[in-house]
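Step one of this worksheet: look at the structure below.
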Amino acid sequence: MSQFLSNCSVDALATAAQSLREGSLVAFPTETVYGLGADATNAQAVARIYEVKGRPSDHPLIVHIADLKYLEQWISDIPEYAISLTREFWPGPMTLILHRSELAKDFITGGQDSVGIRIPDNSLALGLLEAFHKLGGAGIAAPSANRFGQVSPTTAEAVQEELGNYLSDTDLVLDGGPSVVGVESTIIDCTGELPRILRPGAITIEMIKEVSKLIVSDSTKNNSNDLKQENIRVSGSLENHYAPNAKVFLDLLPVRGSGFIALSEIDTPDGVTRLAAPKTIEEFARILYSALRAGDHQNLDSIYIAQPTGEGLAIAIRDRLSRSAKGR
Ligand code: TXA
Ligand code: MG
């Protein structure tokens, strides 16, 4: 059982940073979802992330840093358009895949020549990262703090529920309240001449086009066979991911006794449990994962979801929903 810290003072963050330096795991909030952190230069600590998550060890991890000044050491080069993206969207829900430096070892990158980097926009995460850098740390590797294939946690309680049985006494869970974005960061492959979206998120294709002034492709919209290979590398883009225990059905009339998630403008059909009625697309993203968890807490066999239409963040929501509907 890990320790649960809900009052994260500067001292508490310094202690958490010290534990990370000593090889423990620290789960922490970010604006997207909660992450399970380890010192990204410590092979043993990173190995424990895989153990605790039950995740295949060839899946790469995102390295979190507090500031652009810590970026250079992790990468070997960066295109001009990626620099513009970092200036515009960091700290924020965006992960850039860049050519790696010597510091980004195979145990972080899954043996690939690239590394994923992100500066999260959450005061507690940034406080932890600052304290960690102060102790000489280069970056915190952190996947979403859920068991492999499950729904990402957006609260500290959900982390505890997911990983409590797998964490040890020296590991910590920091409680920073609910994540404000609610879906994982946009992942952009910046190893080529043009940016390519590997996972849609709150930084949308329109935003990336506007800042980069380039053609941006979204590989998640392409079902061609050569991407199958790549899907193995990006576990978040595996077809069956983000799945609750209940079976998820999309855009179908719910049967009696099932759960239901839809925008507030859509009425609740008779005999179903309304799990969420968000008023906006942003709220839909924010509460989606906790609504799926609520369905599991109520032991519902099935959850019916009316997907939001349109572009922007709705694309990220539909991306996750289509995967959770495929089950595990
Ligand atoms: O919002 C987020 O990104 C959260 C918070 C905690 O930062 N993290 C997160 O990590 O979602 P994770 O590990 O659950 O998902 C990261 C995805 C994985 O699918 C991984 O395969 C992909 O990023 N990834 C990481 N490094 C990569 C790389 N070098 N090349 C391709 N994909 C990479
Ligand atoms: Mg994940």
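Both counts, for ligands and for their atoms, begin at 1 and track the order of listing.
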Handout entry: Check: Arg48 and Ser168 side chains under 4.5 Å, non-hydrogen atoms
Key =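 Yes, their side chains come closer than 4.5 Å.
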Is the shortest distance from a heavy atom of [X] to ligand 1 less than 4.0 Å?
{"X": "Ile62", "answer": "yes"}
{"X": "Ser114", "answer": "yes"}
{"X": "Arg55", "answer": "yes"}
{"X": "His59", "answer": "no"}

So is [X] polar-close to ligand 1, meaning N/O to N/O under 3.5 Å?
{"X": "Tyr34", "answer": "no"}
{"X": "Arg118", "answer": "yes"}
{"X": "Glu184", "answer": "no"}

Review point. Do the charged groups of Arg118 and Glu184 touch, with an N to O distance under 4.0 Å?
Key: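 So Arg118 does not pair with Glu184 through a salt bridge.
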- request: Using a strict 4.0 Å threshold on nitrogen-to-oxygen distance, state whether Asp267 and Arg274 make a salt bridge.
  value: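 Salt bridge: no.
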Short list, please: which atoms of ligand 1 are under 4.0 Å from a heavy atom of [X]?
{"X": "Ser185", "answer": "1 (O), 2 (C), 3 (O)"}
{"X": "Ser144", "answer": "8 (N), 9 (C), 10 (O), 12 (P), 14 (O)"}
{"X": "Thr32", "answer": "1 (O), 2 (C), 4 (C), 5 (C)"}
{"X": "Ile187", "answer": "17 (C), 22 (C), 23 (O)"}

>> Surrounding CD of Gln298 (heavy atoms of other residues, nucleotides or ligands, distance under 6.0 Å), is the total greater than 12?
In response: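 Atom CD in Gln298 is crowded, with more than 12 foreign heavy atoms closer than 6.0 Å.
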_Neighbour count >12 (heavy atoms, 6.0 Å) for atom CD, Glu210_ =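 Not buried by this count: 12 neighbours or fewer within 6.0 Å.
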Practice task
Rounded to the nearest 0.5 Å, what's the gap from OH on Tyr34 to CG on Leu174? Could you check?
Solution key: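 Rounded to the nearest 0.5 Å, the OH-CG separation comes out at 8.5 Å.
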Self-check item: Point-to-point distance, once rounded to the nearest 0.5 Å, from SG of Cys190 to CD of Glu80
Solution: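 With rounding to 0.5 Å, SG (Cys190) is 12.0 Å from CD (Glu80).
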* If you measure only the distance, is there a donor-acceptor pair under 3.5 Å linking the side chains of Ser185 and Thr95? ->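 Present: a donor and an acceptor within the cut-off.
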inquiry  = Whether the Gln307 and Asp251 side chains hold a donor-acceptor pair (N or O, under 3.5 Å, no angle test) is what I'd like checked.
reply    =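 The criterion, which ignores hydrogens and geometry beyond distance, is satisfied for Asp251 and Gln307.
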Exercise. With heavy atoms only and a cut-off of under 4.0 Å, state how His64 meets ligand 1: side chain, backbone, both or neither.
Key: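 Side chain only; the backbone of His64 stays clear of ligand 1.
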| field | Phe260 ring center within less than 6.0 Å of Tyr304 ring center | value |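 No, too far apart.
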Margin query: Counting only heavy atoms, tell me which of Gly116, Ala142, Gly35 gets closest to atom 8 (N) of ligand 1.
Written below: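 Selected option, by shortest heavy-atom distance: Ala142.
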Per atom 20 (C) of ligand 1, closest listed option by heavy atom (Pro60, Ser152, Pro143):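 Shortest heavy-atom distance from atom 20 (C) of ligand 1: Pro60.
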For a distance under 2.8 Å, tell me if Asn146 has an N/O/S atom near the Mg ion (ligand 2).
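No N, O or S atom of Asn146 is closer than 2.8 Å to the Mg ion (ligand 2), so no.
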